[in-house]
Amino acid sequence: MTTATSEAVREVEVFRSQAGAIDKVLQLNLAGVTQEESLIQPHPGGNCLNWVAGHLLCIYNDTLPLLGQQPVMEKGALKRYARGTPPLEGPAEALELRDLLAGFEEATRRIGAGLATLTPEVLDRPAPHSPTNNPDETVRSLLTVVFFHQAYHTGQTGLLRRLAGKEGAIR
(Lines give C-alpha, C1' and ligand atoms only; values in the text may rest on other atoms or scores of the structure.)
Protein backbone atom coordinates (compact mmCIF):
# COMPACT_ATOMS: atom_id res chain seq x y z
CA MET A 1 0.00 0.00 0.00
CA THR A 2 1.43 3.39 -0.96
CA THR A 3 1.69 6.26 1.49
CA ALA A 4 -1.04 8.18 -0.35
CA THR A 5 -3.34 5.16 -0.22
CA SER A 6 -2.78 4.53 3.48
CA GLU A 7 -3.38 8.23 4.24
CA ALA A 8 -6.62 8.11 2.24
CA VAL A 9 -7.72 5.01 4.13
CA ARG A 10 -7.12 6.83 7.43
CA GLU A 11 -9.04 9.90 6.19
CA VAL A 12 -11.95 7.75 5.10
CA GLU A 13 -11.99 5.99 8.47
CA VAL A 14 -12.21 9.40 10.17
CA PHE A 15 -15.14 10.33 7.90
CA ARG A 16 -16.84 7.00 8.65
CA SER A 17 -16.30 7.47 12.37
CA GLN A 18 -17.79 10.96 12.19
CA ALA A 19 -20.82 9.69 10.25
CA GLY A 20 -21.38 6.96 12.84
CA ALA A 21 -21.13 9.38 15.76
CA ILE A 22 -23.48 11.86 14.07
CA ASP A 23 -26.03 9.09 13.44
CA LYS A 24 -25.81 7.83 17.05
CA VAL A 25 -26.24 11.31 18.55
CA LEU A 26 -29.16 12.11 16.27
CA GLN A 27 -30.88 8.84 17.18
CA LEU A 28 -30.40 9.56 20.90
CA ASN A 29 -31.65 13.14 20.60
CA LEU A 30 -34.75 12.16 18.61
CA ALA A 31 -35.66 9.16 20.79
CA GLY A 32 -39.10 9.62 22.33
CA VAL A 33 -39.74 12.97 20.61
CA THR A 34 -43.22 13.19 19.10
CA GLN A 35 -44.06 14.87 15.81
CA GLU A 36 -45.76 17.67 17.75
CA GLU A 37 -42.73 18.18 20.00
CA SER A 38 -40.45 18.24 16.96
CA LEU A 39 -42.31 21.29 15.66
CA ILE A 40 -41.71 23.51 18.71
CA GLN A 41 -39.95 26.62 17.44
CA PRO A 42 -37.13 28.23 19.43
CA HIS A 43 -37.58 31.91 20.21
CA PRO A 44 -36.59 34.53 19.28
CA GLY A 45 -35.51 32.64 16.16
CA GLY A 46 -34.12 29.51 14.64
CA ASN A 47 -35.47 26.24 13.35
CA CYS A 48 -37.34 23.46 15.11
CA LEU A 49 -36.09 19.94 15.66
CA ASN A 50 -38.09 18.63 12.71
CA TRP A 51 -36.47 21.14 10.35
CA VAL A 52 -32.97 20.38 11.64
CA ALA A 53 -33.51 16.62 11.23
CA GLY A 54 -34.85 17.18 7.71
CA HIS A 55 -31.97 19.49 6.89
CA LEU A 56 -29.43 16.88 8.00
CA LEU A 57 -31.13 14.33 5.72
CA CYS A 58 -31.27 16.87 2.88
CA ILE A 59 -27.50 17.46 3.06
CA TYR A 60 -26.68 13.75 3.14
CA ASN A 61 -29.15 13.14 0.33
CA ASP A 62 -27.33 15.74 -1.78
CA THR A 63 -23.94 14.22 -0.84
CA LEU A 64 -24.77 10.62 -1.78
CA PRO A 65 -24.21 11.02 -5.56
CA LEU A 66 -20.74 12.43 -4.84
CA LEU A 67 -20.00 9.04 -3.27
CA GLY A 68 -21.55 7.02 -6.10
CA GLN A 69 -24.71 6.28 -4.11
CA GLN A 70 -28.36 6.86 -4.91
CA PRO A 71 -30.23 9.48 -2.88
CA VAL A 72 -32.62 8.17 -0.24
CA MET A 73 -35.43 10.54 -1.27
CA GLU A 74 -36.28 12.56 -4.33
CA LYS A 75 -34.72 16.01 -4.06
CA GLY A 76 -38.13 17.70 -4.22
CA ALA A 77 -39.33 15.80 -1.14
CA LEU A 78 -36.74 17.60 0.98
CA LYS A 79 -36.82 21.06 -0.61
CA ARG A 80 -38.53 22.51 2.49
CA TYR A 81 -35.41 21.52 4.46
CA ALA A 82 -32.80 23.02 2.13
CA ARG A 83 -30.25 25.56 3.26
CA GLY A 84 -31.73 29.02 3.68
CA THR A 85 -35.38 27.99 3.87
CA PRO A 86 -37.43 29.76 6.54
CA PRO A 87 -38.58 28.04 9.74
CA LEU A 88 -41.50 25.64 9.40
CA GLU A 89 -44.79 27.37 10.12
CA GLY A 90 -46.93 24.37 10.93
CA PRO A 91 -47.46 20.63 10.70
CA ALA A 92 -48.63 20.79 7.08
CA GLU A 93 -45.15 21.91 5.99
CA ALA A 94 -43.30 19.14 7.85
CA LEU A 95 -42.49 15.56 7.03
CA GLU A 96 -43.02 13.01 9.79
CA LEU A 97 -40.08 12.94 12.19
CA ARG A 98 -40.00 9.13 12.15
CA ASP A 99 -39.69 9.21 8.32
CA LEU A 100 -36.88 11.75 8.52
CA LEU A 101 -35.01 9.59 11.03
CA ALA A 102 -35.52 6.43 8.95
CA GLY A 103 -34.27 8.29 5.88
CA PHE A 104 -31.28 9.59 7.79
CA GLU A 105 -30.36 6.10 9.01
CA GLU A 106 -30.49 4.78 5.44
CA ALA A 107 -28.53 7.77 4.15
CA THR A 108 -25.88 7.12 6.81
CA ARG A 109 -25.63 3.51 5.68
CA ARG A 110 -25.19 4.64 2.07
CA ILE A 111 -22.68 7.31 3.08
CA GLY A 112 -20.62 4.56 4.73
CA ALA A 113 -20.85 2.36 1.64
CA GLY A 114 -19.81 5.24 -0.60
CA LEU A 115 -16.92 6.24 1.65
CA ALA A 116 -15.63 2.66 1.49
CA THR A 117 -15.07 3.05 -2.26
CA LEU A 118 -13.02 6.25 -2.13
CA THR A 119 -9.50 6.30 -3.48
CA PRO A 120 -6.83 9.00 -3.17
CA GLU A 121 -7.57 9.97 -6.78
CA VAL A 122 -11.27 10.49 -6.06
CA LEU A 123 -10.55 12.47 -2.89
CA ASP A 124 -8.26 14.78 -4.88
CA ARG A 125 -10.79 15.45 -7.66
CA PRO A 126 -12.36 18.89 -7.93
CA ALA A 127 -15.72 18.95 -6.15
CA PRO A 128 -18.85 19.59 -8.24
CA HIS A 129 -19.73 22.56 -5.99
CA SER A 130 -18.52 24.41 -2.93
CA PRO A 131 -20.87 25.60 -0.19
CA THR A 132 -18.04 27.80 1.07
CA ASN A 133 -17.25 29.18 -2.40
CA ASN A 134 -13.79 27.64 -2.28
CA PRO A 135 -12.47 27.73 -5.87
CA ASP A 136 -10.07 24.90 -4.99
CA GLU A 137 -12.72 22.64 -3.40
CA THR A 138 -11.92 18.95 -3.74
CA VAL A 139 -14.01 15.93 -2.84
CA ARG A 140 -11.85 15.64 0.30
CA SER A 141 -12.37 19.23 1.43
CA LEU A 142 -16.08 19.10 0.57
CA LEU A 143 -16.54 15.98 2.69
CA THR A 144 -14.76 17.74 5.54
CA VAL A 145 -17.26 20.61 5.27
CA VAL A 146 -20.21 18.19 5.06
CA PHE A 147 -19.21 16.30 8.21
CA PHE A 148 -18.54 19.53 10.12
CA HIS A 149 -21.96 20.78 9.01
CA GLN A 150 -23.66 17.57 10.11
CA ALA A 151 -21.95 17.62 13.52
CA TYR A 152 -22.85 21.29 14.03
CA HIS A 153 -26.55 20.75 13.40
CA THR A 154 -26.63 17.44 15.26
CA GLY A 155 -25.39 19.32 18.31
CA GLN A 156 -28.34 21.67 17.96
CA THR A 157 -30.71 18.72 18.26
CA GLY A 158 -29.66 18.25 21.89
CA LEU A 159 -30.78 21.77 22.76
CA LEU A 160 -33.96 21.45 20.71
CA ARG A 161 -34.76 18.18 22.51
CA ARG A 162 -34.62 20.03 25.83
CA LEU A 163 -36.73 22.85 24.41
CA ALA A 164 -39.34 20.19 23.62
CA GLY A 165 -39.41 19.32 27.33
CA LYS A 166 -37.32 16.16 27.14
CA GLU A 167 -34.43 15.29 29.38
CA GLY A 168 -31.01 15.48 27.76
CA ALA A 169 -30.09 12.27 25.97
CA ILE A 170 -26.32 12.56 26.35
CA ARG A 171 -24.68 13.05 29.71
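Just the heavy atoms: all of them, side chains too, but no hydrogens, waters or symmetry mates, feed the values below.
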Practice prompt. Kindly work out whether a path of hydrophobic side-chain contacts (I/L/V/M/F/W/Y, heavy atoms less than 4.5 Å apart) joins V145 to Y81.
Written response: no

Worksheet entry | Results of salt bridge (charged side-chain N to carboxylate O under 4.0 Å, His left out) for E96 - residues two or more places apart only | R98

Worksheet entry | Shortest non-hydrogen separation from I59 to T63 and the atoms involved | O-OG1, 2.8 Å

Worksheet item: Looking at A82 and C58, what are the two nearest heavy atoms and their distance?
Response: CA-SG, 3.9 Å

Worksheet entry | L49 side, atom CG; L100 side, atom CG - distance, nearest 0.5 Å | 9.5 Å

Worksheet item: Of all heavy-atom pairs between L39 and P91, which one has the smallest distance, and what is that distance?
Response: CD1-CA, 3.7 Å

Discussion item. Could you work out, with side chain to side chain donor-acceptor pair (under 3.5 Å) as the rule, every residue matching K75, not counting sequence neighbours?
Written reply: D62

Item to complete: State the CG-OG distance between L163 and S38, to the nearest 0.5 angstrom.
Response: 11.5 Å

Discussion item. A side-chain contact here means heavy atoms from C-beta on lying under 4.5 Å apart; do L143 and L123 qualify?
Written reply: yes

Worksheet, complete the sentence: The complete set of salt bridge (charged side-chain N to carboxylate O under 4.0 Å, His left out) pairs with one or both residues in residues 119-139, sequence neighbours excluded, reads D124-R140

Worksheet entry | Qualifying salt bridge (charged side-chain N to carboxylate O under 4.0 Å, His left out) pairs with a residue from residues 147-157, counting only residues at least two apart or across chains | none

Worksheet item: Are L159 and L30 connected, step by step, through hydrophobic side chains (Ile, Leu, Val, Met, Phe, Trp, Tyr) whose heavy atoms are closer than 4.5 Å?
Response: no

Fill in: Under 3.5 Å: donor-acceptor pair, side chain of N50, backbone of L95
yes

Worksheet item: Which pairs pass ring-ring contact (aromatic ring centres under 6.0 Å, His included) with one or both residues in residues 5-30, sequence neighbours excluded?
Response: F15-F147

Fill in: Y60 vs I22, side chain to side chain contact (heavy atoms under 4.5 Å, CB included): CA-CA, chis, key distance, verdict
CA-CA 12 Å; Y60 266 0; I22 290 163; 4.3 Å; yes

Fill in: Shortest non-hydrogen contact from L142 toward A127
CD2-CB, 3.8 Å

Item to complete: Tell me, please, which residues at least two apart from Q69 pass side chain to side chain donor-acceptor pair (under 3.5 Å).
Response: none

Worksheet entry | Apart from I170 itself, residues in the same hydrophobic cluster as defined by side-chain heavy atoms under 4.5 Å | V25, L28

Worksheet item: In chain order, what residues pass the side chain to side chain donor-acceptor pair (under 3.5 Å) check against T85, with sequence neighbours excluded?
Response: W51

Distance-only donor-acceptor hits, side chain of residues 107-114, under 3.5 Å, sequence neighbours excluded:
from	atom 1	to	atom 2	distance (Å)
T108	OG1	F104	O	2.9
R109	NE	E106	OE1	3.1
R109	NE	E106	OE2	3.2
R109	NH2	E106	OE2	2.6
R110	NE	E106	OE2	2.8
R110	NH1	Q70	O	2.8
R110	NH1	P71	O	2.9
R110	NH2	E106	OE2	3.4

Worksheet item: In Å and rounded to the nearest 0.5 Å, what is the CG to CE distance from L78 to M73?
Response: 5.0 Å

Worksheet item: To the nearest 0.5 Å, what is the distance between CG (L57) and CD (E105)?
Response: 11.0 Å

Worksheet item: When you measure from the side chain of Q150 to the backbone N and O of L56, does any donor-acceptor pair fall under 3.5 Å?
Response: yes

Practice prompt. With sequence neighbours left out, write down each residue that passes side chain to side chain donor-acceptor pair (under 3.5 Å) with H149, or none if nothing qualifies.
Written response: H55, H153

Discussion item. Distance check, rounded to the nearest 0.5 Å: Q41 atom CD versus L160 atom CG?
Written reply: 9.0 Å

Practice prompt. State the CD1-SG distance between I40 and C48, to the nearest 0.5 angstrom.
Written response: 9.5 Å

Discussion item. With heavy-atom distances below 4.5 Å as the criterion, would you say the side chains of T138 and P126 are in contact?
Written reply: no

Worksheet item: Which salt bridge (charged side-chain N to carboxylate O under 4.0 Å, His left out) pairs, counting each pair once, include a residue from residues 32-61, with sequence neighbours left out?
Response: E37-K166

Practice prompt. Please check if the side chain of S17 supplies one atom and the backbone of E13 the other of a donor-acceptor pair under 3.5 Å.
Written response: no

Worksheet item: Which heavy-atom pair separates P128 from L66 by the least distance, and what is that distance?
Response: CD-CD1, 3.6 Å

Fill in: Selection residues 18-32 - residue pairs positive for salt bridge (charged side-chain N to carboxylate O under 4.0 Å, His left out), sequence neighbours left out
none

Item to complete: Return the minimal non-hydrogen interatomic distance between Q35 and A94, and the atom names on each side.
Response: NE2-CB, 4.0 Å

